Amino acid sequence: MPEKAVDDVMEAAVGAHFSGLRLEALRLSSPSSPSSPSSARASPAAAAAAHSNGAVYANGTAAAAAVELASPTAARQPFVIGVSGGTASGKTTVCDMIIQQLHDHRVVLVNQDSFYRGLTAEESARAQDYNFDHPDAFDTEQLLECMGQLKRAQPVNVPIYDFKKHRRCSESFRKVNASDVIILEGILVFHDQRVRNLMDMKIFVDTDADIRLARRIRRDTVERGRDISSVLDQYGRFVKPAFDDFVLPSKKYADVIIPRGGDNHVAVDLIVEHIRTKLGQHDLCKIYPNVHVVQSTFQVVEHGLGHLPFTEKQVITPTGSVYMGVDFCKKLCGVSIVRSGESMENALRACCKGIKIGKILIHRVGDNGQQLVYHKLPMDIAERHVLLMDPVLGTGNSANQAIDLLIRKGVPEDRIIFLNLISAPEGIQCVCKRFPLVKIVTSEIDYGLNEEFRVIPGLGEYGDRYFGTDN
Ligand SMILES: Nc1ncnc2c1ncn2[C@@H]1O[C@H](COP(=O)(O)OP(=O)(O)O)[C@@H](O)[C@H]1O
Ligand SMILES: Nc1ccn([C@@H]2O[C@H](COP(=O)(O)O)[C@@H](O)[C@H]2O)c(=O)n1
Ligand SMILES: [Mg+2]
């Protein structure tokens, strides 16, 4: 078959294969909850293999989620941490420790206690019979409203609850400003699915029941105007049964369980570090609107495709039903930076059958010199959108060399989408400063580079690990 004909056949097959991607899904789906990026660290091969797993791409909602994440507002959503646990487990103490250690004004605390319903006069008269540990004791609709406002970056007035009078202070509120990190704390914050869905990270403070009871007696007698006998009575009738029925079953939703609460300094340090990383990512996304952090490594390629222009397309299925889908621009190609970029090619091919893939080889000379030694690109690359692939963005020098070459070949800067799995802030800054119109899609922004210009913590020599040529 003459070469032209092969080309035509391949070209006809090119196009993103989102078999289930509906426009409704594009509009309605929400980003899935974050999966641990560290799983990718264990094995780059596993991460890339999962990339090439067709099952991911057969599900249009994954791609739709990626498309939604691409919107500038989605990129700036605050990071919400839920902290739950039994009464007196140390939730408030742990939250205070986190906030103190962070020493960052971009973190705010919202207590579920603030949303206790006020008691009626009748209920107040018999407060000892009221179950404050049942989910119905809270005005969850109001909590959702407040959290929604904070997520939309609007300040809110949070009620102030008086544990002695069992009601809210009617005339005063606590003003909570919109922030990058919101911590929501309370015994039942994991109970309602709508509240759970707001959270990017869930922490359960797990403290021995005897210790909790001892602390509760001390706290409630000292701070909440109770006597020992009323605390013990309430504990036996309501607090313990509700813990067993509602609080403990919600522990399964936690991403992190902290045994011993505030005594566990290691756990608190780890959480603080994690939040710092998230705040760092937030900063970079704010400064460079073309940087997109996708929550899972497996969706980087799909997310990149979500940046391509598309048109609405109606098809008739074999059963005669009308199906509204999307048709991506035909003129696209992949370019991998040899050698580790090749590990992402299978994922791209799984999404776009028959896609043309070019290669760029950049040789590193010493620590700061980069030499472009080889390239083979589609002849008509100037007319295409380019998905440039390299799993690790370190200094940004190779990426800049590759982007520079593409631009010299006639590819407009804003048609280049750079896909990678792990990036260093230095690399992002280097690329974004020189090529502000290039979109970067990454799944994790790490702490930075070490003195050997390696990403920290990173994952070592990606190419060697993926292709099995490491020692
Ligand atoms: N690690 C700890 N050691 C000693 N006392 C603690 C510790 N953590 C909390 N407390 C005390 O126990 C009581 C309950 O703690 P708190 O953080 O308010 O728990 P929660 O918010 O889960 O009800 C408070 O009086 C607090 O000072
Ligand atoms: N008027 C009220 C309201 C709540 N409680 C108890 O507070 C506990 C929740 O607060 P924590 O700081 O301990 O998480 C809950 O167990 C209620 O029993 C109350 O006693 N009086
Ligand atoms: Mg508390």
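Keep in mind that what you see is a predicted model, and the values were worked out from it rather than measured. Counting begins at 1 with the first residue of the sequence. Start at 1 and go down the list; that is how both ligands and their atoms are numbered.
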Report summary line: Residue, atom and distance of the protein heavy atom nearest atom 17 (O) of ligand 1 read T93 OG1, 2.4 Å
Query raised in the report: For ligand 2, which atoms have a heavy atom of Q234 less than 4.0 angstrom away?
Result: 18 (O), 19 (C), 20 (O)
Requested in this report: Using a strict cut-off of 4.0 Å, indicate which atoms of ligand 2 neighbour a heavy atom of I187.
Outcome: 14 (O), 15 (C)
Query - Distance-only N or O hit between ligand 2 and R224, under 3.5 Å - result: yes
Requested in this report: Identify the protein heavy atom lying closest to atom 1 (N) of ligand 1, giving its residue, its atom name and the separation to 0.1 Å.
Outcome: D263 OD1, 2.9 Å
Query raised in the report: Within T87, is some N, O or S atom less than 2.8 Å away from the Mg ion (ligand 3)?
Result: no
Query raised in the report: By number and element, which atoms of ligand 2 are closer than 4.0 Å to a non-hydrogen atom of D133?
Result: 15 (C), 16 (O), 17 (C), 18 (O)
Requested in this report: Please state which part of A137 comes within less than 4.0 Å of ligand 2, counting heavy atoms only: side chain, backbone, both or neither.
Outcome: neither
Query raised in the report: Which atoms of ligand 1 are found less than 4.0 Å from any heavy atom of G86?
Result: 22 (O)
Query raised in the report: Is it true that the side chains of T442 and S423 contain a donor and an acceptor less than 3.5 Å apart?
Result: yes
Query raised in the report: With backbone taken as N, CA, C and O and side chain as the heavy atoms from C-beta onward, which portion of F238 lies under 4.0 Å from ligand 2: side chain, backbone, both, or neither?
Result: neither
Report task. Just need the protein heavy atom nearest to atom 21 (O) of ligand 1, so name the residue and atom and give the distance. Result -> T92 OG1, 2.6 Å
Query raised in the report: Heavy atoms only: which of F138, F132, Y235 is nearest to atom 3 (C) of ligand 2?
Result: F132
Report task. Please work out whether any backbone atom (N, CA, C, O) or any side-chain heavy atom from C-beta onward of K91 is under 4.0 Å from ligand 1, and answer side chain, backbone, both or neither. Result -> both
Report task. May I ask you to check whether S336 and E345 show a side-chain donor-acceptor distance below 3.5 Å? Result -> yes
Requested in this report: Please determine if R168 forms a cation-pi arrangement with F173, meaning its NZ or CZ atom is less than 6.0 Å from the six-membered ring centre and no more than 45° off the ring axis.
Outcome: no
Query raised in the report: Quick one: which of R117, R219, R216, Q112 has a heavy atom closest to atom 11 (P) of ligand 2?
Result: R219
Requested in this report: Look at the aromatic rings of H274 and F79 and report parallel, tilted or perpendicular, splitting at 30° and 60°.
Outcome: tilted
Report summary line: Closest heavy-atom approach to atom 7 (C) of ligand 1 among R218, R224, R215 is made by R215
Query raised in the report: Looking at atom 13 (O) of ligand 2, what's its closest protein heavy atom, distance included?
Result: T87 OG1, 2.6 Å
Query raised in the report: Quick one: are N197 and Q193 in side-chain contact, heavy atoms under 4.5 Å?
Result: yes
Query raised in the report: When you look for heavy atoms under 4.0 Å from ligand 2, do you find them on the side chain of T92, its backbone, both, or neither?
Result: neither
Query - For K91, the ligand 2 atoms whose distance to one of its heavy atoms is below 4.0 Å - result: 14 (O)
Query raised in the report: Cut-off 3.5 Å, side chains only: do R339 and T469 have a donor facing an acceptor?
Result: yes
Report task. Report the nearest protein non-hydrogen atom to atom 24 (C) of ligand 1: residue, atom name, distance rounded to 0.1 Å. Result -> R219 CD, 4.4 Å
Query - Heavy-atom check, side chain of Y253 versus side chain of M199, under 4.5 Å - result: no
Query raised in the report: Among protein heavy atoms, which lies nearest atom 19 (O) of ligand 1, and at what distance?
Result: G90 N, 3.2 Å
